[in-house]
Each structure stands twice: as structure tokens, then as C-alpha cells.
Number of protein chains: 2
Amino acid sequence: MLSKKTQYALKALGYLAGKYGQGPVLISEIAKNKKIPIKFLETILLELKQNNVLESKKGKGGGYYLIESPKKTTLAQAIRLVGGPIALLPCVSINFYEKCKDCNEATCGLNKAMLQTRDATLKILEKKTLAELIDG
Amino acid sequence: MLSKKTQYALKALGYLAGKYGQGPVLISEIAKNKKIPIKFLETILLELKQNNVLESKKGKGGGYYLIESPKKTTLAQAIRLVGGPIALLPCVSINFYEKCKDCNEATCGLNKAMLQTRDATLKILEKKTLAELIDG
DNA sequence: TAATAGTCTATTGTTTAAGTAGACTTATTT
DNA sequence: AAATAAGTCTACTTAAACAATAGACTATTA
């Protein structure tokens, strides 16, 4: 299961995708429409900015907005940016890999099964982009 | 990512699958071979017993063992037993379903994407059984 | 009846999620 | 150019879930 943080990030990115090209969007607007705790959302958006997905503008008329077209960012990229692993186990994760203490990956049946599910999941998440998150 | 508890449960079940039909296996033996904190493992095995997957015997010569043949339990069933959701979001989970606060599932793109990944994952995990977790 | 091994209760530590307070920046208005 | 309003940024606190540990208790076998 994705963490709340990751879920909120995806929701927020979807909202911003729908407003792409229309200038900065207020944090409070995103929070209200997507039912996200505003202070938690602040830290998430800030992190996305530091990862060069969002840009922000301060002061009156400010807010957050996508740097690139929504079609340029895949869901797999978005999930990884906010620290959400996609694989079900560390030993089959690409970005959060950790070796198992107890098993030989070449012969471990669990490893094999989880590798297959990871690949199936990635196949989907690497094709979908933020544009697909726009409502309607 | 599956919780530690779920990971440990799968490892332990895999170990017991390899010893199926050979009588009770000590908690300590499983813990040692699978590098699982023994006290944590105790609670996990007890839960699996209460869910009618394992049986136990107390006293000397005691231990835990699988009730049914390893081929009878799928990985999807095993994961769910110890409380591990398979879907990436609550709104696409079969056993841990929760409605989103902010979205209409019929039109939500995120819901659609996550449904697809859930189906792809389930297709694999419902075919694999505990027998596949046996090493070698 | 002594030793073995599972069962139960309680407690501690760690991470994640959420909420609070306030400082800092920028843009507008006058 | 100064005041103010609108917004982001930083640091700290609280609450809940998850992971791990410790020890007493109960049942079984030899």
C-alpha cells in the first residue's frame, strides 16, 4: 500500500495537471479540493519542487505549478519521487533495494514471485502519466 | 511494500512448506534459518494458527506445521491472512476497501490506473502457492 | 517431576502521519 | 517607497501505527 504522503502527492499532481498552463495554484485550493491536510501538503509540494517537478511563486498571485507538461511525468516516476517504493519487497526493489538476510536470490521462490509482480506493476505505471490523473 | 510482519509470515510459511509432512517445527528453528526476531515470529505464527493455516503442538517434540498441503494456499491468501493489503490504494482494495474522500471512482484516473495494477498483481499472486516458496 | 516448547500479557522503541506556530518573501496598493 | 496582504518556508509537537523485547504462564513428554 502506498503511504498517505504518496497518495496525497499523486492527488495533488493530478490536480495541478488539470490546471497546467494556467499559472500558479494555491496550496489551499489543492488542499480543499483534494481533501488533504494543508500543512502536510505544504511539505509534500516543497519536496516535489526540490525534485524539479514543480515550481512555485511567492507572494500575491503565487502558488505551485507543474514545470513540464503532465504527459512528461509517469506515475512510476511520481511515486518514486516522494519516496514510495513500488516493489512489494526490498529485495526486488529497483530504487530501494536491500538484500535479504536469509535467502539466495537465485533460488528464492518468494523473490521470483515478487519480481514478476513488480514487473507487471511497472509495465502499467511506466506507461501512465500525470495527464491520466485529470478528472473527467 | 509489504509490512515486516507480512514478509516474515511468508518466509516462515515457505520454511514450513519445505518441511510439510515431517512433523512439528520449532519456532526457534524457523527464526534462526529465516533470520526473524523470535518473539515477533511467535505472534505471527499464533495468528496463522488462529486463521487455520497452521497447527501447533506444545511440549517436547512440539512446534508448528502446515495443516494442508502447501499447494492449497496461494500467496494472495497468505498475504491477506496476516493483514497485508495487496492493492496500492484503499479505494482499489478488495479486502481493505475504503472510499476516497475526494474522488468519484467512475471518473478518477488514479483509481483506474491502480485498479489495473491490482489486477495484474493478483493474477500472479493467486496462481503461486506456498509450494513455490520452497528453496532449491 | 524436570525439562521442553508453545501461549499470553505488558512494555519499549521507532517510524509515519498530522497538526501548530511563526518567520520569511514577493507583489500590490497607496 | 512604505505598508500590507498573500503566499511559501522552517522548526517543533503530538498522536498513532508498527516493530521488537521481556518475562510469566501453561501444556506435553520422558
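Just so it is clear: chains get the letters A, B, ... in the order the sequence lines come, proteins before strands, and each one is counted from 1.
Aromatic ring centroids of B:Y8 and B:F40 lie under 6.0 Å apart.
At least one donor-acceptor pair under 3.5 Å links the side chain of B:T117 to the backbone N or O of B:M114. For B:K99 (side chain) and B:C103 (main-chain N/O), a donor-acceptor pair under 3.5 Å exists by modelled atom type. In terms of modelled atom types and a separation under 3.5 Å, the side chain of A:N51 and the main chain of A:V53 share no donor-acceptor contact. At distances below 3.5 Å, at least one donor-acceptor pair connects side-chain atoms of B:Y20 with backbone N or O atoms of B:S69.
Contacts between residues 46-55 of chain B and DNA chain C, defined by a heavy-atom separation under 4.0 Å, are made by B:L46, B:K49.
For A:K39 against C:dG22, a side-chain N or O and a base N or O form a donor-acceptor pair under 3.5 Å.
Within the structure, a side-chain polar atom (N or O) of A:Y64 is placed less than 4.0 Å from OP1 or OP2 of D:dC9. Between A:S56 and C:dT26 there is no side-chain N or O to OP1 or OP2 distance below 4.0 Å. In terms of phosphate contacts, A:Y8 brings no side-chain nitrogen or oxygen within less than 4.0 Å of OP1 or OP2 of C:dA17.
The nucleotide whose nearest atom lies closest to any side-chain atom of B:E42 is, among C:dA27, D:dT8, D:dG23, D:dG23.
Within 4.0 Å (heavy atoms only), A:T43 reaches no atom of the nucleic acid at all.
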